[in-house]
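Everything on this sheet refers to the single structure shown next.
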Amino acid sequence: MNQDIAKVLLSEDEISEIINRLSSEVTKDYKNKNLCLLCVLKGSLIFCADLMRRLDFPVELICISASSYKNATVSSGNVEINSLTDNITGKDVLIIEDILDTGNTLSNLIKYLKELSPASVEICTILDKPSRRVKDISAKYVGSVIPDEFVVGYGLDYNQRYRNLPYIGILKPEIYNN
Ligand code: XMP
Ligand code: MG
């Protein structure tokens with residue numbers, strides 16, 4: 001295990017079981033629809049890549065960057081979203097997110113997407129941290145509900161590091177308190 005990780009929250013095997021379950025749920029709901037996966041970069045890259053390879057029906061993939069400026073590990077509430085060049089009008093958009101925390105990022109993103117007239121917009125997040133929510137928002141598909149700890153790995157970073165860990169772990173507080 002990486003020496004900066006205090007505890008593994010989800011192992012590779014547990015993540016794999018989550019992907020199996022989520023892909024079945026998404027397949028059941030979307031196999032006869034116009035599914036457009038919207039990968040929120042960069043944190044959701046690995047989750048989206050794993051999930052979409054378990055979907056055995058036609059799907060479209062688009063990517064968007066959304067970042068909430070942070071000091072250290074706390075979301076500031078200011079969210080920057082890059083404009084989409086892909087057309088989502090009339091499509092069933094499923095936002096693929098790494099973590100739903102305060103809800104600032106996704107509530108801003110959904111507001112932006114709705115202006116582009118998709119047929120529907122739903123959220124699929126691998127992690128949900130409901131204890132810190134400030135916006136009235138929830139995900140249709142949730143991999144795992146987690147406690148209020150700062151986690152990294154499987155795409156999630158601290159200062160752009162740890163994204164390549166194959167598991168999701170709690171970062172030692174001394175790493176971000178220094
Ligand atoms: P909000 O608060 O807007 O946060 O719902 C969503 C974005 O904040 C990042 N985030 C985290 N990143 N470990 C991380 O590596 C965490 O524990 C964590 N909590 C929030 C993440 O980019 C997410 O998309
Ligand atoms: Mg993110």
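Reckoned from all heavy atoms, side chains included, excluding hydrogens, waters and symmetry mates. Just follow the structure's listing: the first ligand is 1, and inside any ligand the first atom is 1.
Near Glu149, meaning under 4.0 Å from any of its heavy atoms, are these atoms of ligand 1: 17 (O). Close contacts of ligand 1 with Thr102, meaning ligand atoms under 4.0 Å from a residue heavy atom, involve 1 (P), 2 (O), 3 (O), 5 (O). Using a 4.0 Å cut-off to heavy atoms of Asp157, the atoms of ligand 1 that qualify are 14 (C), 15 (O). Against a heavy-atom cut-off of under 4.0 Å, Asn104 is close to the following atoms of ligand 1: 3 (O), 5 (O). Against a heavy-atom cut-off of under 4.0 Å, Lys129 is close to the following atoms of ligand 1: 16 (C), 17 (O), 19 (N).
When all heavy atoms of Gly153 and Ile168 are compared, the closest pair comes out as O-CG1, 4.0 Å.
When non-hydrogen atoms are compared, ligand 1 lies under 4.0 Å from the side chain of Asp98 (C-beta onward) but not from its backbone.
The residue from Asp101, Leu127, Ile170, Ile137 that puts a heavy atom closest to atom 4 (O) of ligand 1 is Asp101.
Classified by interplanar angle (parallel below 30°, tilted 30° to 60°, perpendicular above 60°), the ring pair Tyr141/Tyr30 is tilted.
Inclusion of Tyr158 in the set of residues having an N or O under 3.5 Å from an N or O of ligand 1 is not warranted. Taking only nitrogen or oxygen atoms, main chain and side chain alike, Val151 reaches within less than 3.5 Å of ligand 1.
The number of heavy atoms from other shown groups lying within 6.0 Å of CG (Asn177) is above 12.
Every residue was checked against the side chain to side chain donor-acceptor pair (under 3.5 Å) condition with Arg161, not counting sequence neighbours, and none meets it.
Heavy-atom separations between Gly103 and ligand 1 include at least one value shorter than 4.0 Å.
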Atom pairs and distances, side-chain donor-acceptor, residues 47-57, under 3.5 Å, sequence neighbours left out:
| from | atom 1 | to | atom 2 | distance (Å) |
| --- | --- | --- | --- | --- |
| Asp50 | OD1 | Arg53 | NH2 | 2.7 |
| Asp50 | OD2 | Tyr154 | OH | 2.6 |
| Arg53 | NE | Ala49 | O | 2.9 |
| Arg54 | NH1 | Asn20 | OD1 | 2.8 |
| Arg54 | NH2 | Asn20 | OD1 | 2.7 |

- prompt: Val151 and Leu171: side-chain contact (heavy atoms from CB on, under 4.5 Å), yes or no, with the steps?
  reply: CA-CA 6 Å; Val151 297; Leu171 190 63; over 6 Å; no
